[in-house]
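Remember, predicted model here, so these are calculated numbers, not experimental data. Atoms within each ligand, like the ligands themselves, are counted from 1 in listed order.
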Amino acid sequence: EVPLKYGAQYTGKRTDEAMNKWRGNRFGQFIHWGLYAIPGGVWNGKTYNYAAEFLKSSAKIPTSTWDSLMYQFNPVKFNARQWAKMAKQMGARYMTITTKHHEGFCLWPSQYTDFNIGNTPYKKDILKELVEAYNAEGIDVNFYYSVLDWHHPDWRYDIKSPEDSVAFRRFLQFASGQLRELATNYPTVKAFWFDGTWDNSIKKNGWWTLEVEQMLKKIRPGAVVNSRLRADDFGKRHIDSNGKLMGDYESGYERRLPNPVKDVQVTRWDWEACMTVPENQWGYHKDWSVSHVKSPLELLEMLVHTTSMGGNFLLNFGPAGDGSIRAEEQHIARTIGAWMQQNGQVIYDCDYAGWEKQDWGYFTKPRTGNIVNMVVFNIPVNGLLKVKVPAGTKISKATLAGKNVKVEEIAKDQFFIHLPQQAYKMPPVIVLEAVGGAKTNAQYQEAKT
Ligand SMILES: C[C@@H]1N[C@@H](c2nc3ccccc3[nH]2)[C@H](O)[C@@H]1O
């Protein structure tokens, strides 16, 4: 091991109450909302198909022009309570909001920059409205914060001169101040989701990333911080030079999920995947016809896949500039919500079962008891669902929607589960009572980084 001052501060999963709640939440709503939602990917009559929140760069818009969008921000259809009710109905247990994205515009009245909601026609503190509305629905609120800031004159992509060092040190003070005010003024915040931390300027200031993590946890004991913030003494990010995860959970899965067979080592720590509905749109884009738009079922399968590997799934919504939620996203919330209403118990507080992944779908395991859940996405044509279980496991009971289903042993540690013949519109859940059987030795090598 190399001695590190700014590397991982601990190893293994946190087991304090705040982290157990963060882990058990399992399903979150990501919200990307900022000035980029006003043009929605279209500039001077031209549609840019790249991510809408990058329109400033894809349309090569000067900062002064982009920043004047602030004077147009007046979301007349914004209703925080309606958003929160929709998220509740979807079954989200937490919500992560972009307090400030790469453009540098702040959804809260920051004392550290005028480029904030207070100087828009809307004027009011949108962040406060959202925190209160979501907390009132029993939904935890986490803050996304982009360190990368296209607006701030002291931002640097790299440090190549003494002037760069002086400017960037001022920038880091600015960012620390903003984070302090976010942690202090919104005391119910539960976690911080850092982004925009991949540039050399941050890699060369790993000390600051540890200082921020420690400051936030001092102001908000129990706060959860993602690995994406952190760089160690040598600029290694997420995982330090000794192969140890920094921060409280691994946050490298952006628009992709770990493979349930090849990437099973991800289960050794907490992690979260964030996902767009189109191929690559986080902010509102007027034209979703240019790429595949994932169906509610595709997204539900990703949620179950994530839970089955011990991770959290953060599904993105990009509200329009007027504060409305587009029809596709409302449909997703309703459809997933209907299934979660009946089956949330196989997601919330559930984890990796340690059983071998099979083609029919995914296993999840509640924290306590000898239950293993099967979420079936691929229904066998003959109605006989073949299940392999760890050596020596006996299945004492199997139920589908509370009714017993026949379990027929067909070989050592292999069973047919007789599925009721019906049209399955949504994935059925089979609850197994399983006893005995050694947990498959899901031990894995420490990551070699
Ligand atoms: C969580 C996601 N991360 C941001 C992002 N910025 C990027 C810059 C370069 C390459 C990929 C990026 N994703 C996206 O805009 C979104 O906020």
Open item on the list: Looking at R228 and E254, is there a salt bridge between them, counting it only when a charged N and a carboxylate O are closer than 4.0 Å?
Closed with: yes
TODO: Using a strict cut-off of less than 4.0 Å between a Lys/Arg side-chain nitrogen and an Asp/Glu carboxylate oxygen, indicate whether R93 and D140 qualify as a salt bridge.
DONE: no
Task: Where ligand 1 meets W282 - atom numbers and elements under 4.0 angstrom, heavy-atom basis - done: 2 (C), 14 (C), 15 (O), 16 (C)
Open item on the list: I want to know if ligand 1 touches E254 in the polar sense, i.e. an N/O pair below 3.5 angstrom.
Closed with: yes
TODO: Say whether Q178 and K100, considering side chains only, have a donor N or O and an acceptor N or O under 3.5 Å apart.
DONE: yes
TODO: Distance to 0.1 Å, residue and atom name: give those for the protein heavy atom nearest to atom 10 (C) of ligand 1.
DONE: Y50 OH, 4.8 Å
- [ ] State whether D270 and R23 are salt-bridged, where the test is any N-O pair (Lys NZ or Arg NE/NH1/NH2 against Asp/Glu carboxylate O) under 4.0 Å.
- [x] yes
Task: For H101, the ligand 1 atoms whose distance to one of its heavy atoms is below 4.0 Å - done: 14 (C), 15 (O), 16 (C), 17 (O)
Open item on the list: Determine whether Y145 and D195 satisfy the following criterion, side-chain hydrogen bond (donor to acceptor under 3.5 Å, both in side chains), listing intermediate values before the conclusion.
Closed with: CA-CA 6 Å; Y145 181 85; D195 202 10; over 6 Å; no
Task: Test of proximity, W198 against ligand 1: N or O pairs below 3.5 Å - done: no
TODO: Taking atom 8 (C) of ligand 1 as the reference point, report whether a protein heavy atom occurs under 4.0 Å from it.
DONE: yes
Task: Centroid-centroid distance, F317 to W33, less than 6.0 Å - done: no
Open item on the list: With side-chain hydrogen bond (donor to acceptor under 3.5 Å, both in side chains) as the criterion, how do Y10 and D248 come out once you've worked through the C-alpha distance, each side chain's angles and the decisive distance to 0.1 Å?
Closed with: CA-CA 9 Å; Y10 68 88; D248 300 307; 2.5 Å; yes
- [ ] Looking only at protein heavy atoms, identify the closest one to atom 3 (N) of ligand 1 and say how far it is in Å.
- [x] D195 OD2, 2.8 Å
Task: Polar contact flag for E53 and ligand 1 (N/O pairs, less than 3.5 Å) - done: yes
Open item on the list: Could you tell me if K190 sits above the aromatic ring of Y94, with its cationic atom closer than 6.0 Å to the ring centre and no more than 45 degrees from the axis?
Closed with: no
Task: Under 4.0 Å to a heavy atom of Y144 - the qualifying atoms of ligand 1, by number - done: 17 (O)
- [ ] Name the closest protein heavy atom to atom 6 (N) of ligand 1, giving the residue it belongs to and the distance to 0.1 Å.
- [x] H102 NE2, 2.9 Å
Open item on the list: Within ligand 1, which atoms have a heavy atom of H32 less than 4.0 Å away?
Closed with: 16 (C), 17 (O)
